[in-house]
J.: 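I have a structure I would like to understand better, so I am pasting it below and will then ask my questions one at a time.
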There are 2 protein chains.
Amino acid sequence: MVTGYLLRAGYRVDRAADGHEALARAAATRPDLVVLDLMLPGLDGLEVCRRLRAAEGGERLPVVMLTAKGEEADRILGLELGADDYVTKPFSPRELVLRVQSVLRRSAAAGAAAGRPGRLTAGDLTLDPAARRAFRAGRELALTLREFDLLAFLLRHPGAAFGREELMQRVWGWEFGDLSTVTVHVRRLREKVEDDPAAPALITTVWGVGYRFDPAGKGPAL
Amino acid sequence: MVTGYLLRAGYRVDRAADGHEALARAAATRPDLVVLDLMLPGLDGLEVCRRLRAAEGGERLPVVMLTAKGEEADRILGLELGADDYVTKPFSPRELVLRVQSVLRRSAAAGAAAGRPGRLTAGDLTLDPAARRAFRAGRELALTLREFDLLAFLLRHPGAAFGREELMQRVWGWEFGDLSTVTVHVRRLREKVEDDPAAPALITTVWGVGYRFDPAGKGPAL
DNA sequence: GGCGGCCCGTACGACTTCCGTAAGGTGGCG
DNA sequence: CGCCACCTTACGGAAGTCGTACGGGCCGCC
């Protein structure tokens, strides 16, 4: 139900059935915000919140809690643990979405104030330009300098196609040069990023033109 | 037992046998955090917590409470008095250490937000810039001036990669200079900080770029 | 003032990793 | 069916890093 509300509000949403799955998915997908029910099978919401916070970078992860009305103690506890906001059941779709929006706005403002350029992300792919690290589905990819730069450039322009010449200029910074260099690097990159390098799903070849990064969704953008 | 857990986790630990001694030692040693059992001979834990908070600078002193399971009232009371977290007995070593870590991290973040330089920490590594002392797993590291500055700078930007050039500027304060100087100092620093200098786990080299301090987390940061 | 120790910057060779180029194979497009 | 674009592989060299060694400067100590 919650997933539906948020999807309709235009957010990308992932969900987990219990506490352990939640922690695993959070580590893998690096969400911008977590909506957390206090009543969970397995680990309870408070414990999940605590561990999210304990995880690396977790101090900054916004958490919105869902609590049943009257769980006064839990509510206090939740806020003590650093939930950024909470919504008491029963709640309206509109209320939930509003809270999420406002928390996201606050956290975006805080991030911008801290001067963080932020991460590049598309589907289960994440690049951290500052750290020069790349992740796919929670696993770190061992990319070389050129591979990283190339992928970062493509991620910055999702869906756009670039010719080898242009890539040579904008990634390598060269005016001239053997264009096959680009070809080879694309191949090496695919080898590390794609599930099946023989049938590239992320870095697509555009015949007669060059390459394009496909942000998972093939259909027309929303 | 608790002392042992924390020592093994790399913290320096002091302890007291009862409430009065606790207050005395806290006043004398100015700890970064207090782990407080509710069941104490003499003054009980709640009273100790109250007085710690009342003492000079005590509003900022993080307190983690140890409570027996089911003492619901005490738990709420403890949180009202401003315990920053609590652990219910019986607890695992790992749980206790995690709570302590997360509370320390939060308090460090709060301190930084308040403009206090405070003390730099990552995993079992701790730097005290004011005292110019460095500790790892409870042991003091004998760092030289440059080594300390270099490590401090990296710790201030955990996870971020820096080129030799930038380090030269921001740590040495030079505009030009032999970049191999940086290389050599990184090596010397590793010799003292890393468990196995041949396979650096803390100060990672990023090929073609420079170096990065890795805050223990190998996985993707949240 | 002389001596020794510590720290620092520089230099050099060995080694590793990465990159660019070339050459031959493959597949789509006209 | 042929051409051209793209893919694949291999290899030599360039660039980057590491380990080590050396000499100079600063300071404390005798």
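Every chain is numbered from 1, with letters handed out A, B, ... down the list of sequences.
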J.: Mind checking which nucleotides bracket the chain A contacts on DNA chain C, 5' to 3', with an atom under 4.0 Å from a heavy atom?
T.: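 Counting from the 5' end, contacts occupy C:dC18 to C:dA22.
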J.: Whole Å only: how far is the CG atom of A:Asp178 from the C1' atom of D:dC6?
T.: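 After rounding, the gap between these two atoms is 13 Å.
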J.: Within this structure, what is the CZ-OG1 distance for the pair A:Arg15 and A:Thr3, rounded to the nearest 0.5 Å?
T.: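 Here the rounded value is 4.5 Å.
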J.: On the nucleotide D:dC7, are OP1 or OP2 found under 4.0 Å from the side-chain N or O atoms that A:Tyr211 carries?
T.: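 Looking at the OP1 and OP2 atoms of D:dC7, one of them is under 4.0 Å from a side-chain N or O of A:Tyr211.
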J.: Would you mind reading off the bend of the helix from C:dG1-D:dC30 to C:dG30-D:dC1 from its two end axes, five pairs each, to 10 degrees?
T.: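 Computed angle between terminal axes is 20°.
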J.: How about B:Arg25: does its CZ atom have over 12 heavy atoms from other parts shown lying under 6.0 Å from it?
T.: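 12 or below, so no.
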J.: Within the sub-3.5 Å range, which N or O atoms of nucleotides 8-11 of chain D have a protein N or O partner, and how far apart are they?
T.:
| unit_1 | atom_1 | unit_2 | atom_2 | d |
| --- | --- | --- | --- | --- |
| D:dT9 | OP2 | A:Arg187 | NH2 | 2.6 |

J.: Could you check if a side-chain atom of B:Leu151 sits within less than 4.5 angstrom of a side-chain atom of B:Leu125, using non-hydrogen atoms only?
T.: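 Result yes, sub-4.5 Å side-chain heavy-atom pair found.
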J.: Counting only pairs under 3.5 Å, give me each side-chain donor-acceptor contact of residues 192-199 of chain A, with atom names and distances, residues two or more places apart or in other chains.
T.:
| unit_1 | atom_1 | unit_2 | atom_2 | d |
| --- | --- | --- | --- | --- |
| A:Lys192 | NZ | A:Ala142 | O | 2.9 |
| A:Lys192 | NZ | A:Glu147 | OE1 | 2.8 |
| A:Glu194 | OE1 | A:Ala201 | N | 2.8 |
| A:Glu194 | OE1 | A:Leu202 | N | 3.2 |
| A:Glu194 | OE2 | A:Ala201 | N | 3.4 |
| A:Glu194 | OE2 | A:Leu202 | N | 2.9 |
| A:Glu194 | OE2 | A:Ile203 | N | 2.8 |
| A:Asp195 | OD1 | A:Arg136 | NH1 | 3.3 |
| A:Asp195 | OD2 | A:Arg136 | NH2 | 3.3 |
| A:Asp196 | OD1 | A:Ala198 | N | 3.0 |

J.: According to the ring-ring contact (aromatic ring centres under 6.0 Å, His included) rule, which pairs have a member within residues 180-201 of chain A, sequence neighbours left out?
T.: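 Those involving residues 180-201 of chain A are A:Trp172-A:His185.
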J.: Going by number, which of residues 148-159 of chain A have a non-hydrogen atom under 4.0 Å from DNA chain C?
T.: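 Output list: empty, so none.
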J.: With sequence neighbours left out, what residues match B:Thr181 under side-chain hydrogen bond (donor to acceptor under 3.5 Å, both in side chains)?
T.: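 Scan of B:Thr181 (side-chain hydrogen bond (donor to acceptor under 3.5 Å, both in side chains), adjacent residues dropped) gives none.
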J.: Can you check side chain to side chain donor-acceptor pair (under 3.5 Å) on A:Thr205 and A:Arg190, steps first, answer last?
T.: CA-CA 11 Å; A:Thr205 298; A:Arg190 280 175 174 163; 2.7 Å; yes
J.: Within a 6.0 Å radius of atom CD on B:Glu165, are there more than 12 heavy atoms belonging to other residues, nucleotides or ligands?
T.: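 Not buried by this count: 12 neighbours or fewer within 6.0 Å.
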J.: Strictly below 4.0 Å, heavy-atom distances to any atom of DNA chain D: list the hits from residues 166-177 of chain A, or just say none.
T.: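 Heavy-atom cutoff 4.0 Å gives no residues at all.
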J.: According to salt bridge (Lys or Arg N to Asp or Glu O under 4.0 Å), does anything in residues 172-185 of chain A pair up with another residue at least two apart or in another chain? List the pairs.
T.: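 Qualifying pairs: none.
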J.: Quick one: list whatever passes side-chain hydrogen bond (donor to acceptor under 3.5 Å, both in side chains) with A:Arg188, sequence neighbours left out.
T.: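 So A:Arg188 forms no side-chain hydrogen bond (donor to acceptor under 3.5 Å, both in side chains) with any residue.
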J.: When rounded to the nearest 0.5 angstrom, what distance separates CG in A:Asp32 from CG in A:Leu61?
T.: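 Interatomic distance, A:Asp32 CG to A:Leu61 CG, rounded to 0.5 Å: 8.5 Å.
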J.: Answer with base, sugar-phosphate or nothing: what part of the nucleic acid does A:Thr144 contact at a heavy-atom distance below 4.0 Å?
T.: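 If one applies the 4.0 Å heavy-atom cut-off, A:Thr144 turns out to touch the sugar-phosphate alone, with no base involved.
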J.: A:Arg132 CZ to D:dG16 P: how many Å, rounded?
T.: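 My rounded result for the distance is 13 Å.
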J.: Going from CG on B:Asp128 to CZ on B:Phe135, what distance comes out if it is rounded to the nearest 0.5 angstrom?
T.: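 If we round to the nearest 0.5 Å, B:Asp128:CG and B:Phe135:CZ are 7.0 Å apart.
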J.: Reckon B:Arg164 has a side-chain N or O less than 4.0 Å from the OP1 or OP2 of D:dG16?
T.: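 Answer is no, no contact under 4.0 Å.
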J.: Listed by chain and number, what are the side-chain hydrogen bond (donor to acceptor under 3.5 Å, both in side chains) partners of B:Glu166, not counting sequence neighbours?
T.: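 By the side-chain hydrogen bond (donor to acceptor under 3.5 Å, both in side chains) rule, B:Glu166 matches B:Arg170.
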J.: Heavy atoms under 4.0 Å, any strand shown: does B:Val206 hit a base, just sugar-phosphate, or nothing?
T.: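 Sugar-phosphate only.
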J.: Base, sugar-phosphate, or nothing for B:Val186, non-hydrogen atoms under 4.0 angstrom?
T.: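 No contact.
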J.: Taking only side-chain nitrogens and oxygens of A:Arg146, does any of them come within less than 4.0 Å of OP1 or OP2 of D:dA15?
T.: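 Checking D:dA15 against A:Arg146, no side-chain N or O comes under 4.0 Å of OP1 or OP2.
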J.: In whole Å, what is the span from the CG atom of B:Leu179 to the P atom of D:dC18?
T.: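 In whole Å, D:dC18 P lies 13 Å from B:Leu179 CG.
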J.: Is there any ring-ring contact (aromatic ring centres under 6.0 Å, His included) pair reaching into residues 145-170 of chain A, and which pairs are they, with sequence neighbours excluded?
T.: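 For residues 145-170 of chain A: A:Phe153-A:His157, A:Phe153-A:Phe162, A:His157-A:Phe162.
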J.: Starting at the 5' end of DNA chain C, which residue's closest nucleotide do you reach first, B:Val182 or B:Leu143?
T.: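 Of the two residues, B:Leu143 wins.
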J.: Under a 4.0 Å N-O cut-off, is there an ion pair linking B:Arg132 with B:Asp149?
T.: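 So B:Arg132 pairs with B:Asp149 through a salt bridge.
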J.: Taking A:Ser180 for its side chain and A:Val184 for its backbone only, find out whether a donor-acceptor pair lies under 3.5 Å.
T.: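 Pair absent, no side-chain N/O of A:Ser180 close to backbone of A:Val184.
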